[in-house]
Undergrad: 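Below you will find the structure I want to go over with you.
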Amino acid sequence: MLRFQVKKHWMPDPLGYGIAFDRGLPSIRLMIPDRQAHKRPILYVVTGPTAVGKTELTLDWAAANNAEILSCDSLLFYQGMDIGTAKPTPKERERIAHHGIDLVPASDSFNVARYVEMAKTAIDDMHSRGKNVLITGGSGFYIKAFFAPVVDPLSIPESVENEVDELYDCKGLVGVVEKLRQVSPQDTDRIDLQNPRRTIPALKRCLASGMSITQLQARLRDAPQPFATYPKAGVLLLRDRDALRNRIASRTRAMLRDGLVDEVRKLRAQDFEHNPSACGSIGYREVIAMLDGKCAPEQMEATITRHTDQLVSKQLKWFRTQLPMLQPLQLDDPGVATNPLAALAKAFAIGVIE
RNA sequence: GGCUGGAUAGCUCAGUUGGUAGAGCAGAGGACUGAAAAUCCUUGUGUCCCCGGUUCAAAUCCGGGUCUAGCCA
């Protein structure tokens, strides 16, 4: 038999459901007068450059806050890419349930649109089980999806896909740009015409929608944000560059010691080279080059480390220019280093975005 | 010790018949609609190893020196 009781003093209700748990007995909040009433629970988001220490801190936070983790990393979807991506270990995943990891074979490519759909499902699932949601990872474009629309809901017909791909194969970038000028005259300055990764999809979207680039851009800007109904608390973890460099160097060494080369051999046998995002990622591409004799084995570790350092620069630029709403948390600060969990809680409190 | 190369941007190197230098990488900044650990754009004054010579003019030709790589003793 369930016993309900009305609490005299309401504890903060992290899920916003109006149900707070007290010694295992559910209590019902009869009326919910505050403005949070119709709001859904907060999505807690933690990002930061690679090797900053996201995994350790977020696992502790999740354990202390009845949360599960939704990965926001563009490589952790891929099965078998464990060592080189610093994927949470089986032990860590046993401690805290993770979502968004090992979703597809490494030979299949995933993308941000599929990620958003997966994330919606995972979030609903966690909430339905009374869990808090902690989103963490270093893929800036994917993190942005929690704060702004990042993809058009448009579906592109196969015929359009083929038409544009063929055009690019035959006439190259010039052909694509020429067609783009016909389809969307006057506003081709709104797109990087020298970048095939921008022009090809843009042309596909124009052809599929019948709209110009300007119209499509305006529509995306005004599109409903996929997680609009949730308040978000976003924190950006940071460290001094030198500290980060040292952590990266020792992590790279550890990856090689732990069998990164064997991991690459296995993945190659599973055709992961069909997926450019997978086989071109840092750690993997350098090992492939070494195995193919294109890179001296004694150079490999230093190359991986350097490329990872470059990734940090790129990530920091993205965070700076695209995600200014995040609350920065400098992990090297003495006050933070002594109690990072408390510092994170504080940063979340400051960083709530309705 | 002898012979032959080499010495130019932080690194690897181009530099045409002499007209005071430019690529790639690295670094810095920027962009970003289904590959984002991806992709693209912008950004280059440096004792051209040193000293002397030839010349209107030398990174470039000549002589000497220093360092360096390889070969021969």
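To find a chain, count down the sequence lines: A is the first, B the second, and so on, and within it residues start at 1.
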Undergrad: Contact class for Pro201(A) vs. all strands (heavy atom < 4.0 Å): base, sugar-phosphate, or nothing?
TA: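 If one applies the 4.0 Å heavy-atom cut-off, Pro201(A) turns out to touch the sugar-phosphate alone, with no base involved.
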
Undergrad: Below 4.0 angstrom from OP1 or OP2 of rA38(B), is there any side-chain N or O of Lys314(A)?
TA: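 It does, given that an N or O in the side chain of Lys314(A) lies less than 4.0 Å from OP1 or OP2 of rA38(B).
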
Undergrad: Using the P atoms only, state how far rC25(B) lies from rC71(B), rounded to an integer number of Å.
TA: 33 Å

Undergrad: Please enumerate all residues that pass salt bridge (Lys or Arg N to Asp or Glu O under 4.0 Å) together with Asp192(A), with sequence neighbours excluded.
TA: none

Undergrad: What distance, rounded to whole Å, do you find between the two C1' atoms, one in rG44(B) and one in rG1(B)?
TA: 44 Å

Undergrad: What does Gln322(A) touch in the nucleic acid at a heavy-atom separation under 4.0 angstrom: a base, only the sugar-phosphate, or nothing?
TA: base

Undergrad: Take atom C1' in rG70(B) and the same atom in rG29(B), then report the distance between them in whole Å.
TA: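 That atom pair is separated by 44 Å.
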
Undergrad: Which residues within residues 296-309 of chain A lie with some heavy atom under 4.0 Å of an atom in RNA chain B?
TA: Arg306(A)

Undergrad: Using the C1' atom as the reference point in each nucleotide, state the distance between rA21(B) and rC40(B) in Å, no decimals.
TA: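 Comparing C1' positions in rA21(B) and rC40(B) gives a spacing of 28 Å.
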
Undergrad: Tyr142(A) or Trp318(A): which one's nearest nucleotide on RNA chain B is closer to the 5' end?
TA: Trp318(A)

Undergrad: Pick out the pairs of N or O atoms, protein on one side and nucleotides 9-11 of chain B on the other, that lie under 3.5 Å.
TA:
none

Undergrad: So does Thr321(A) get a side-chain nitrogen or oxygen closer than 4.0 Å to the phosphate oxygens (OP1/OP2) of rC32(B)?
TA: no

Undergrad: Going by atom types alone, do Thr305(A) and Arg253(A) pair a side-chain donor with an acceptor below 3.5 Å?
TA: no

Undergrad: Is Lys317(A) side chain donor-acceptor paired with the rG30(B) base, going by distance under 3.5 Å alone?
TA: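 There is none.
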
Undergrad: In residues 98-114 of chain A, which ones come under 4.0 Å of RNA chain B, going by heavy atoms?
TA: Phe110(A), Asn111(A), Val112(A), Ala113(A)

Undergrad: Taking only side-chain nitrogens and oxygens of Arg198(A), does any of them come within less than 4.0 Å of OP1 or OP2 of rU33(B)?
TA: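 Yes, within the criterion.
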
Undergrad: Checking Arg265(A) now: which residues fulfil salt bridge (Lys or Arg N to Asp or Glu O under 4.0 Å) with it, not counting sequence neighbours?
TA: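 Result, salt bridge (Lys or Arg N to Asp or Glu O under 4.0 Å) vs Arg265(A): Asp262(A).
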
Undergrad: Do Val264(A) and Leu291(A) touch side chain to side chain, with heavy atoms closer than 4.5 Å?
TA: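 Contact flag for Val264(A)/Leu291(A) side chains = yes.
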
Undergrad: Return yes if a side-chain donor-acceptor contact under 3.5 Å exists between Ser184(A) and Arg190(A), otherwise no.
TA: no

Undergrad: Dot-bracket for RNA chain B, please. Rules: Watson-Crick or G-U, both distances under 3.5 Å, ( ) within the strand, [ ] when a pair crosses earlier ones, | for another strand, . otherwise.
TA: (((((((..((((.....[..)))).(((((.......))))).....(((((..]....)))))))))))).

Undergrad: Looking across every strand, which nucleic acid part, if any, lies under 4.0 Å from Gly84(A) by heavy atom: base, sugar-phosphate, or nothing?
TA: base

Undergrad: For the P atoms, the ones on rU60(B) and on rC51(B), what distance do you get once it is rounded to whole angstrom?
TA: 12 Å

Undergrad: Under 3.5 Å, which donor-acceptor pairs do the side chains of residues 86-99 of chain A form with other protein atoms, sequence neighbours left out?
TA:
from     : atom 1 : to        : atom 2 : distance (Å)
Lys87(A) : NZ     : Tyr78(A)  : O      : 2.8
Lys87(A) : NZ     : Met81(A)  : O      : 3.2
Lys87(A) : NZ     : Asp82(A)  : OD1    : 3.0
Lys87(A) : NZ     : Asp102(A) : OD1    : 2.5
Thr89(A) : OG1    : Glu92(A)  : N      : 3.1
Thr89(A) : OG1    : Glu92(A)  : OE1    : 3.4
Glu92(A) : OE1    : Thr89(A)  : N      : 2.8
Arg93(A) : NH1    : Asp102(A) : OD2    : 3.2
Arg93(A) : NH2    : Asp102(A) : OD2    : 3.2
Arg95(A) : NH1    : Asp60(A)  : OD1    : 3.3
Arg95(A) : NH2    : Asp60(A)  : OD1    : 2.9
His98(A) : ND1    : Ile96(A)  : O      : 2.8
His99(A) : NE2    : Glu68(A)  : OE1    : 2.7

Undergrad: Can you tell me how far P of rA37(B) sits from NZ of Lys144(A), to the nearest Å?
TA: 14 Å

Undergrad: Sequence neighbours left out, cut at 3.5 Å: what donor-acceptor pairs do the side chains of residues 153-177 of chain A make with other protein atoms?
TA:
from      : atom 1 : to        : atom 2 : distance (Å)
Glu161(A) : OE1    : Lys204(A) : NZ     : 2.8
Asn162(A) : ND2    : Glu158(A) : O      : 3.3
Asp165(A) : OD1    : Lys204(A) : NZ     : 3.0

Undergrad: With the threshold set at under 4.0 Å for non-hydrogen atoms, list the residues of residues 248-271 of chain A touching RNA chain B in residue-number order.
TA: none

Undergrad: Mapping Ser74(A) and Val151(A) to their closest nucleotides on RNA chain B, which lands nearer the 5' end?
TA: Val151(A)

Undergrad: Among residues two or more places apart or on two chains, list those pairs meeting side-chain hydrogen bond (donor to acceptor under 3.5 Å, both in side chains) that have a residue in residues 140-154 of chain A.
TA: Lys144(A)-Gln322(A), Asp152(A)-Arg219(A)

Undergrad: Please give the distance between the C1' atoms of rA23(B) and rG46(B) as a whole number of Å.
TA: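 Straight-line distance between the two C1' atoms is 15 Å.
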
Undergrad: Atom CD of residue position Gln182(A) - does it have more than 12 heavy atoms of other residues, nucleotides or ligands inside 6.0 Å?
TA: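 Result for CD/Gln182(A): enclosed.
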
Undergrad: Please work out which residues in residues 237-245 of chain A have a non-hydrogen atom less than 4.0 Å from an atom of RNA chain B and list them by number.
TA: none

Undergrad: Which part of the nucleic acid, if any, lies within contact of Ile156(A), taking any heavy atom under 4.0 Å across all strands shown: a base, the sugar-phosphate backbone alone, or nothing?
TA: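 Answer is nothing: Ile156(A) stays at 4.0 Å or more from every strand.
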
Undergrad: Taking only N and O in the side chain of Gln310(A), is any of them less than 4.0 Å away from OP1 or OP2 of rA37(B)?
TA: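 The answer is no; no side-chain N or O of Gln310(A) sits under 4.0 Å from OP1 or OP2.
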
Undergrad: How is Leu216(A) classified with respect to the nucleic acid when contacts are heavy atoms under 4.0 Å: base, sugar-phosphate, or nothing?
TA: base

Undergrad: Can you tell me, in whole Å, how much space there is between the C1' of rA7(B) and that of rC13(B)?
TA: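 One C1' to the other, the span is 12 Å.
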
Undergrad: Using a 4.0 Å heavy-atom cut-off across all strands, classify Thr85(A) as base, sugar-phosphate, or nothing.
TA: base

Undergrad: Just N and O in the side chain of Ser139(A): are any of them under 4.0 Å from OP1 or OP2 of rA37(B)?
TA: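 Answer yes for this pair, as a side-chain N or O of Ser139(A) is under 4.0 Å from OP1 or OP2.
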
Undergrad: With a 4.0 Å limit, can you tell me whether Arg285(A) has a side-chain N or O closer than that to the phosphate oxygens OP1/OP2 of rA38(B)?
TA: yes

Undergrad: If we take the P atom in both rU4(B) and rG65(B), what is their distance in whole Å?
TA: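 So the two P atoms sit 14 Å from each other.
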
Undergrad: Would you call Lys120(A) and Glu117(A) a salt bridge, taking side-chain N to carboxylate O under 4.0 Å as the test?
TA: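 Judged by the 4.0 Å cut-off on N to carboxylate O distance, Lys120(A) and Glu117(A) do form a salt bridge.
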
Undergrad: What pairs with Phe348(A) under ring pair (Phe, Tyr, Trp, His ring centres under 6.0 Å), at least two apart in sequence or on another chain?
TA: Tyr44(A), Trp61(A)

Undergrad: Counting any heavy atom closer than 4.0 Å, what does Arg320(A) reach on the DNA or RNA strands: base, sugar-phosphate only, or nothing?
TA: sugar-phosphate

Undergrad: Measure the CG-NZ distance between Asp125(A) and Lys131(A) for me, rounded to the nearest 0.5 Å.
TA: 11.0 Å

Undergrad: Output, in order, the C-alpha distance, side-chain angles, deciding distance and verdict of salt bridge (Lys or Arg N to Asp or Glu O under 4.0 Å) for Asp73(A) and Lys54(A).
TA: CA-CA 12 Å; Asp73(A) 185 296; Lys54(A) 294 186 290 294; over 6 Å; no

